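Below: the structure, in structure tokens.
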Amino acid sequence: MDKKPVLVSGIKPTGDLHIGNYFGAMRQLVELTKEGKYRPFIFVADYHALNTMQDAEEMRRRTRELVMAYIAVGLDPKEVVLFKQSDVPAHTELCWIFDTITDMPYLARAHAFKAEVDKLTDSMPARRFLSAKLEQLTNIGVGLFNYPMLMAADILLYDAEVVPVGQDQKQHIEIARDTAEKFNRVYKTEVFKLPEAHIMTDVAIVPGIDGRKMSKSYNNVIPLFGSHDDLKKAVMSIVTDSSGDRPENVYRIHRLFRSEVNLDALYDEHRGNYKALKETLIEDLDRYLAPMRAKYEELKENPDIVEEVLKAGKREARAVSEAKMEQVRKAIGVA
Ligand code: ADP
Ligand code: TRP
């Protein structure tokens with residue numbers, strides 16, 4: 001029996017990956033799973049993505065790309081159970097069971113739902129609005145409302161103790177804890193373990209080429225698997241502010257690849273010569289990203305590898321989650 005604490009994390013297959021995703025999330029996950037301290041289950045949260053992505057071809061492509069990306073940046077499929085959420089029916093089954101012990105006002109306090117309601121109501125408090133004008137929430141899917149229950153199932157099925165996520169997901173982990181406690185209390189059992197969030201805090205916000213947070217929605221990204229030319233194009237369009245004598249936007253991205261001391265010397269040497277500094281950044285980026293890009297390209301050429309990885313992940317995740325579901329079904333009296 002493997003007694004290592006279980007680590008679970010899910011990643012939605014939405015958006016082309018950029019270096020902000022890598023330095024802000026992917027790298028930490030790869031490092032955590034490399035330590036050998038945990039038994040990691042990492043999955044593509046395709047059913048979560050269904051709330052916002054309703055194009056079958058896009059779903060298929062992005063799912064594949066995400067799996068290739070994680071392997072390319074260093075996730076080792078031999079050490080990690082890597083799978084698709086939709087391949088493991090226990091996730092949605094358990095979600096339903098959780099739905100039946102959860103009340104609506106509790107879920108209405110979830111941040112993601114409140115944010116959507118706020119968009120529709122221009123800041124009227126979500127709960128007041130909810131009771132008054134439910135019929136106006138037509139853009140908000142039941143799936144979005146229920147999102148935290150599916151996520152609780154994702155986590156609790158595997159007895160996860162550690163759940164690495166960004167700060168924005170903290171509340172979801174608390175909901176998973178509450179739900180585990182509630183189930184255990186309602187059914188007078190110890191079926192579920194209480195998970196802890198592992199917030200990836202030491203992560204700086206990676207700035208985009210316009211100085212704002214790098215984000216696919218701002219069109220200001222440096223692509224993670226871009227060619228040398230793509231990198232060059234992105235870096236050359238970094239907005240340089242000429243007020244100081246250091247191009248801050250270039251410097252802040254450059255900081256990801258070199259120590260401050262080293263960088264300060266370089267920026268002193270090329271003071272005012274933005275072109276030379278950008279060229280150095282292109283070379284640094286390219287050197288850093290080239291091995292990942294090569295691995296990604298190799299996986300693209302060998303689609304069977306991704307298939308095999310997902311097949312093995314599915315087998316393992318199904319076995320573990322099904323064992324848990326047997327306990328659950330017994331506890332609720334359907335088995
Ligand atoms: P985007 O902002 O491009 O839509 P997502 O919201 O899909 O990116 O983010 C996926 C993961 O990458 C999240 O964990 C998020 O915290 C991280 N991330 C995204 N952009 C950045 C950034 N500029 N700096 C640091 N982390 C980021
Ligand atoms: N909601 C998470 C996000 O948007 C993705 C996710 C789904 C997840 N299920 C999970 C993360 C379970 C950790 C554990 O980033």
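Numbering starts at 1 and runs along the sequence shown. Heavy-atom basis, side chains included; hydrogens, waters and symmetry copies ignored. These numbers come from a predicted model, not from an experiment. Atoms within a ligand are numbered from 1 in the order they appear, just like the ligands themselves.
Residues Pro207 and Met214 have side chains not in contact (no heavy-atom distance under 4.5 Å, counting atoms from C-beta outward). Considering only heavy atoms from C-beta on, Thr179 comes within 4.5 Å of Met149 through its side chain. Between Cys95 and Asn146 the shortest side-chain heavy-atom distance falls below 4.5 Å. Val163 has its side chain out of reach of His198: every pair of non-hydrogen atoms, C-beta onward, lies at least 4.5 Å apart. Considering only heavy atoms from C-beta on, Lys84 stays 4.5 Å or farther from Tyr47 through its side chain.
The main-chain N or O of Arg185 is never found under 3.5 Å from a side-chain atom of Thr189 such that the two would form a donor-acceptor pair.
For Val165, every heavy-atom contact with ligand 2 shorter than 4.0 Å involves the side chain, none the backbone. If you look at Gln85 next to ligand 2, there are no close heavy atoms at all, none under 4.0 Å. Of the heavy atoms in Ala25, only side-chain atoms (C-beta onward) come closer than 4.0 Å to ligand 1. Neither the backbone nor the side chain of Ile11 comes within contact range of ligand 2; no heavy atom lies under 4.0 Å. Using a 4.0 Å cut-off between heavy atoms, His18 contacts ligand 1 through its side chain alone, with no backbone atom that close. Contacts between Val163 and ligand 2, counted as non-hydrogen atom pairs separated by less than 4.0 Å, involve the side chain only.
For atom 2 (C) of ligand 2, the closest non-hydrogen atom on the protein side is Gln169 OE1, 3.3 Å. Annotation: atom 6 (C) of ligand 2 to nearest protein heavy atom, Gly10 O, 3.6 Å. The nearest protein atom to atom 1 (N) of ligand 2, hydrogens excluded, is given as Tyr147 OH, 2.7 Å; this is a heavy-atom distance. With respect to atom 7 (C) of ligand 2, the closest heavy atom belonging to the protein is His48 ND1, 3.3 Å. Of the protein's heavy atoms, Asp154 OD2, 2.7 Å lies nearest to atom 9 (N) of ligand 2.
Remark: ligand 1 atoms within the under-4.0 Å shell around heavy atoms of Met214 are 20 (N), 21 (C), 22 (C), 23 (N). Close approach of ligand 2 to Lys12 (heavy-atom distance below 4.0 Å) involves ligand atoms 4 (O). Residue Ile205 has at least one heavy-atom neighbour below 4.0 Å for each of these atoms of ligand 1: 24 (N). In summary, the atoms of ligand 2 found under 4.0 Å from a heavy atom of Ser9, numbered by their order in the structure, are 13 (C), 14 (C).
For the pair Arg293 and Phe225, the cation-pi criterion (under 6.0 Å, within 45° of the ring axis) is not fulfilled.
Between Arg60 and Glu57 there is a salt bridge, since a side-chain N of the basic residue sits under 4.0 Å from a carboxylate O of the acidic one. Checked for salt-bridge contact, Glu279 and Lys232 miss the test: no charged N lies under 4.0 Å from a carboxylate O.
Inclusion of Gly166 in the set of residues having an N or O under 3.5 Å from an N or O of ligand 1 is not warranted. Of the polar atoms of Lys216, at least one N or O is found under 3.5 Å from an N or O of ligand 1, judged by distance alone.
Summarising the geometry of Val88 relative to Ser321, their closest heavy-atom pair is CG1-OG, 3.2 Å, with the distance given to 0.1 Å.
At a cut-off of 3.5 Å, with distance as the only test, no side-chain donor of Thr63 or Asp46 sits close to an acceptor on the other residue.
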